[in-house]
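Worksheet for the structure shown next.
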Amino acid sequence: MADDVIPKTFRALVESAEKKYARVRDLPAYGRWGTSNHYFHKVFKAYMRLWKYQQENRVRLLECGLQRWEIGEIASRIGQLYFSQYMRTSEARFLLESCIFYEAILNRKYFEGSGKDRMVRFKELRFYARFLMVSLILNRTEMVNLLVEQFKALVDDSKAAFPGTNFKEWRLVVQEIVRFARVHSPSPDARPLRYCALFDSHPSSRPYVARFHAKKVLKFRDALLTSYHKNEAKFAELTLDTYRMLQCLEWEPSGSFYQRSPVEPRANGAVIDQSITSGLIDINLAAEMMDPALPPNPKKAVLYRPNVPLLISVVATMCEELPPESVVLIYISASGNTIQSTTSHTESSSSYRKSLKNSVLSRTSFEQKSALHENYTNTNGDTGQYFENCLCLGPSRSGGSNNLYPGDLIPFTRRPLFLIIDSDNSDAFKVLHGAERGEKSALFLSPLRPSFKNPGTDVTQTGSQFTLFLAAPLQAFCQLVGLVSSDKDLDCSDEADGIISTAFAEWEVILCTSTNLDLVWAQVLSDPFLRRLILRFIFCRAVLGLFCLHERGDEYLPVCLPKLPDTFSPDSETVQPSIRRLARLLKVGDCFRF
């Protein structure tokens with residue numbers, strides 16, 4: 001009887017952990033539920049207790065029939081919990097912990113032999129999909145390539161091993177990750193999308209940035225990221241555009257994790273990785289990989305195809321919980337739409353306001369409640385300009401609940417907002433400038449039409465051009481003029497990055513010493529992420545303004561409101577020399593008018 005205690009205790013711990021997990025599994029990764037660690041602490045505690053118990057009693061549990069896949073399932077669930085916590089908090093340590101557990105599962109082959117049990121095979125497929133997501137966000141390109149090949153082989157084997165089971169959804173997942181990896185695939189010499197002090201902090205301008213102090217200084221605390229385009233490249237619930245913005249709003253860790261030796265596949269598909277620890281999984285290993293000198297990442301809510309009431313609800317919660325002297329960044333990449341008739345506008349607005357009232361008003365302050373009606377009328381009594389054009393955050397067949405109008409965001413301008421609208425209808429949001437209810441907003445509005453030397457470039461395949469300029473300016477420049485990574489050697493790429501870095505350093509000094517810089521920009525200039533976005537916007541506008549392989553027209557240029565000083569206009573001697581040097585280096589001077 002005593003021998004039965006260990007397996008019974010183990011099963012009881014499994015049941016307890018699964019019950020606690022079920023309670024938090026579907027909680028949103030934002031708002032009060034997403035930011036509360038109380039619930040997740042209980043789940044983590046239950047699973048760590050379970051993990052420790054199976055470690056201490058592994059031999060006896062195996063004798064009693066414990067399967068290796070069951071150990072893998074526990075480790076996979078812990079990895080999933082860590083990843084969920086990363087999405088809720090943006091803390092890199094949770095992402096690293098998740099990767100440690102997933103990599104241990106892969107190396108120890110906990111799911112090996114799953115071809116005999118369909119349930120176990122599905123668990124293994126989910127493990128691969130989750131590990132791929134973690135590896136993508138960590139930019140572990142070698143691991144992503146290895147996992148993709150093994151994942152494809154596993155899906156193919158599943159169709160043969162379980163002929164009566166439909167694996168169509170898993171084939172679609174394979175297609176998604178293959179497409180995503182192909183589009184995103186960075187060149188070996190590409191700089192990280194994350195903010196890296198080595199590349200993004202410029203020694204010549206650093207003293208000016210350190211001394212700069214505006215009348216008001218805002219801290220960048222929270223961001224909302226979402227995109228929707230028909231047939232856009234995505235993997236699971238992460239689109240290519242939101243992935244790029246997610247990356248460029250985080251710090252690049254410099255710990256040992258990013259200097260590990262590359263993973264090499266053996267001929268039989270196994271993994272050779274001498275850096276992985278043997279024996280028990282060290283649940284505190286991530287602490288050794290973190291860089292304690294780095295500040296915390298801004299917290300980000302990544303929404304996948306939200307309807308407008310949900311998006312407004314999240315923005316409302318962010319604004320309500322925002323600490324004083326802080327700013328919220330809202331990034332939306334979506335196609336635009338124009339209301340065709342007064343009737344359709346009235347109907348969609350009516351149904352929208354009804355759903356908005358039910359989902360949002362109970363969660364916002366009194367001030368925000370009153371603003372929901374106040375924002376429909378401007379000082380001249382004109383309501384049309386705020387609701388004539390919109391962004392489509394979902395399929396058009398879903399009606400008004402997917403249409404986001406400029407007027408929908410006005411109530412939240414009582415708090416400082418940094419808005420990035422990437423759309424062929426972005427100019428509709430110009431009406432927000434001057435219509436704010438308390439704080440002037442910073443607006444980046446994309447060109448209405450992209451520019452390419454090769455007119456056949458499909459943005460649904462490559463992601464938004466404007467977003468790419470904000471996330472990876474050199475890559476966007478090369479895409480604009482039709483260059484691919486194989487067209488430039490490593491030395492040339494380093495020199496091109498050097499030209500851009502030198503330009504950014506010079507522009508930083510000018511921004512920090514300018515006497516006519518609008519307070520909207522001055523109050524966020526001390527933040528490294530927002531400052532880098534401003535510099536990249538200047539670069540983007542200059543490059544597109546000087547590009548000569550399209551007709552002249554404002555629809556090809558991005559807009560910032562309020563305006564930056566004229567010193568940074570495309571025709572100025574401040575920005576043009578750097579673009580000229582870059583074009584000459586890459587032998588594409590004929591694409592520009594200087």
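Ring planes of Phe180 and Tyr243: perpendicular class, angle over 60° (limits at 30 and 60°). Relative ring orientation between Trp170 and Phe151 is described as perpendicular, the plane-to-plane angle rising above 60° on a 0-90° scale split at 30° and 60°.
The main-chain N or O of Leu470 is found under 3.5 Å from a side-chain atom of Arg536 such that the two form a donor-acceptor pair. Looking at Glu176, its side chain does come within 3.5 Å of a backbone N or O of Ala236 through a donor-acceptor pair. Asp527 places no side-chain N or O within donor-acceptor distance of the main-chain N or O of Lys219, the cut-off being under 3.5 Å. Of the possible polar contacts, none joining the Tyr82 side chain to the Cys99 backbone as a donor-acceptor pair under 3.5 Å is found. Looking only at distances, no side-chain donor or acceptor of Ser158 sits under 3.5 Å from a matching main-chain atom of Asp156. Gln247 contributes no side-chain N or O that, together with a main-chain N or O of Arg244, makes up a donor-acceptor pair within less than 3.5 Å. Within the 3.5 Å criterion, the main-chain N or O of Gln80 finds a donor-acceptor partner in the side chain of Ser84. For Ser423 (side chain) and Ala334 (main-chain N/O), a donor-acceptor pair under 3.5 Å exists by modelled atom type. One N or O on the side chain of Ser90 and one on the backbone of Lys300 form a donor-acceptor pair closer than 3.5 Å. Counting only distance, with no hydrogens or angles, the side chain of Thr317 and the backbone of Ser313 share a donor-acceptor pair below 3.5 Å.
Using modelled atom types, one finds a donor on one side chain and an acceptor on the other under 3.5 Å when comparing Asp241 with Ser333.
Here the shortest heavy-atom pairing between Ser114 and Phe162 reads O-CZ, 3.9 Å. The two residues Pro298 and Phe220 come nearest to each other via the heavy atoms CG-CE2, 3.5 Å. Contact detail for Ala181 and Val144: the closest heavy-atom pair is CB-CG1, 4.5 Å. For the residue pair Leu193 and Ala472, the shortest heavy atom distance occurs at CD2-CB, 3.7 Å. In terms of heavy-atom proximity, Pro306 sits nearest to Leu311 at CG-CD1, 4.2 Å. The two residues Cys319 and Leu417 come nearest to each other via the heavy atoms SG-CD2, 4.3 Å.
Contact check for Leu404 versus Tyr228: no side-chain heavy atoms found under the 4.5 Å cut-off. Thr413 is not listed as a side-chain neighbour of Glu439, based on a closest heavy-atom distance of 4.5 Å or more. When side chains are defined from C-beta on, Val315 does not count as touching Val328, because their heavy atoms never get closer than 4.5 Å. Phe10 has its side chain out of reach of Cys64: every pair of non-hydrogen atoms, C-beta onward, lies at least 4.5 Å apart. A 4.5 Å side-chain heavy-atom check between Leu303 and Leu225 finds every atom pair outside the cut-off. Residues Lys299 and Met318 fail the side-chain proximity criterion, which asks for heavy atoms closer than 4.5 Å. Counting heavy atoms from C-beta outward, Cys248 and Arg532 have side chains that approach closer than 4.5 Å. Leu138 places a side-chain heavy atom less than 4.5 Å from the side chain of Leu95.
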**Item:** Derivation and outcome, ring pair (Phe, Tyr, Trp, His ring centres under 6.0 Å), residues Phe122 and Phe167
**Value:** CA-CA 10 Å; Phe122 278 120; Phe167 288 91; 5.4 Å; yes
**From CA spacing to verdict: salt bridge (Lys or Arg N to Asp or Glu O under 4.0 Å), Glu103, Arg140** = CA-CA 12 Å; Glu103 193 163 8; Arg140 299 190 64 190; 3.1 Å; yes
**Message:** Could you walk me through whether Ser201 and Arg206 satisfy the side-chain hydrogen bond (donor to acceptor under 3.5 Å, both in side chains) test, starting with their C-alpha distance in whole Å, then the side-chain angles of each, then the deciding distance to 0.1 Å, before giving a yes or no?
**Reply:** CA-CA 7 Å; Ser201 179; Arg206 199 175 298 148; 3.0 Å; yes
**Request:** Evaluate the side chain to side chain contact (heavy atoms under 4.5 Å, CB included) criterion for residues Ile332 and Leu393: first the C-alpha distance (whole Å), next the side-chain angles of each, then the deciding distance (0.1 Å), finally the verdict.
**Result:** CA-CA 9 Å; Ile332 304 174; Leu393 302 186; 3.8 Å; yes
**Message:** Before you tell me yes or no, could you show the steps for Asp222 and Leu329 under side chain to side chain contact (heavy atoms under 4.5 Å, CB included), namely the whole-Å CA-CA distance, both residues' side-chain angles and the distance that decides it to 0.1 Å?
**Reply:** CA-CA 6 Å; Asp222 295 89; Leu329 183 145; over 6 Å; no
**Request:** Before giving the answer on side-chain hydrogen bond (donor to acceptor under 3.5 Å, both in side chains), spell out for Arg58 and Gln54 the whole-Å C-alpha distance, their side-chain angles and the decisive distance to 0.1 Å.
**Result:** CA-CA 5 Å; Arg58 175 78 60 86; Gln54 67 83 22; 2.8 Å; yes
**Request:** Could you go through the side chain to side chain contact (heavy atoms under 4.5 Å, CB included) check for Arg179 and Lys234 one step at a time?
**Result:** CA-CA 8 Å; Arg179 179 187 177 197; Lys234 71 179 188 71; over 6 Å; no
**Message:** Please determine whether ring pair (Phe, Tyr, Trp, His ring centres under 6.0 Å) holds for the pair Tyr331 and Phe444, giving the CA-CA distance in whole Å, both sets of side-chain angles, and the decisive distance to 0.1 Å.
**Reply:** CA-CA 9 Å; Tyr331 164 84; Phe444 280 172; over 10 Å; no
**Message:** Let's go through Leu249 and Leu533 carefully: what are the C-alpha distance in whole Å and the side-chain angles of both, what is the deciding distance for side chain to side chain contact (heavy atoms under 4.5 Å, CB included) to 0.1 Å, and is it a yes or a no?
**Reply:** CA-CA 9 Å; Leu249 296 178; Leu533 286 176; 4.3 Å; yes
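Under the 4.0 Å criterion applied to side-chain N and carboxylate O atoms, Arg415 and Glu321 are not assigned as salt-bridge partners. No salt bridge links Arg305 with Glu237; every basic N to acidic carboxylate O contact stays at or beyond 4.0 Å. We find that Glu325 and Arg221 are not joined by a salt bridge, their nearest charged nitrogen and carboxylate oxygen being 4.0 Å or further apart. Under 4.0 Å is where a charged nitrogen must lie from a carboxylate oxygen, and between Arg93 and Glu91 at least one such pair does. At a threshold of 4.0 Å, the pair Lys19-Glu15 counts as salt-bridged, since one of the basic side-chain nitrogens sits closer than that to a carboxylate oxygen.
The number of heavy-atom neighbours closer than 6.0 Å to NZ of Lys45, taken from other residues, nucleotides and ligands shown, is 12 or below.
Centroid-to-centroid, the aromatic rings of Phe44 and Trp51 stay 6.0 Å apart or farther. Close placement of the Trp251 and Tyr195 rings is indicated, their centers lying within 6.0 Å of each other. Checked against the 6.0 Å centroid criterion, the rings of Phe94 and Tyr86 do not qualify as a close aromatic pair. Two rings, from Phe131 and Phe83, have their centers 6.0 Å or more apart.
Separating the CG atom in Leu154 from the CG atom in Leu147 is a distance of 11.5 Å, to the nearest 0.5 Å. Between the CD1 atom of Ile78 and the OH atom of Tyr21 there is a distance of 12.0 Å, given to the nearest 0.5 Å. With rounding to the nearest 0.5 angstrom, the CG atom of Leu391 is 9.0 Å from the CG atom of Asn403. We find the CE-CG distance between Met143 and Leu106 to be 6.0 Å, quoted to the nearest 0.5 Å.
Residues in residues 115-136 take part in these salt bridge (Lys or Arg N to Asp or Glu O under 4.0 Å) pairs, two or more places apart or across chains: Glu73-Lys123, Arg121-Glu124, Arg121-Asp157.
With sequence neighbours excluded, no residue forms a salt bridge (Lys or Arg N to Asp or Glu O under 4.0 Å) with Lys20.
Tested against Tyr47, the residues Glu18, Lys52, Arg77 include a single side chain to side chain donor-acceptor pair (under 3.5 Å) partner, Arg77.
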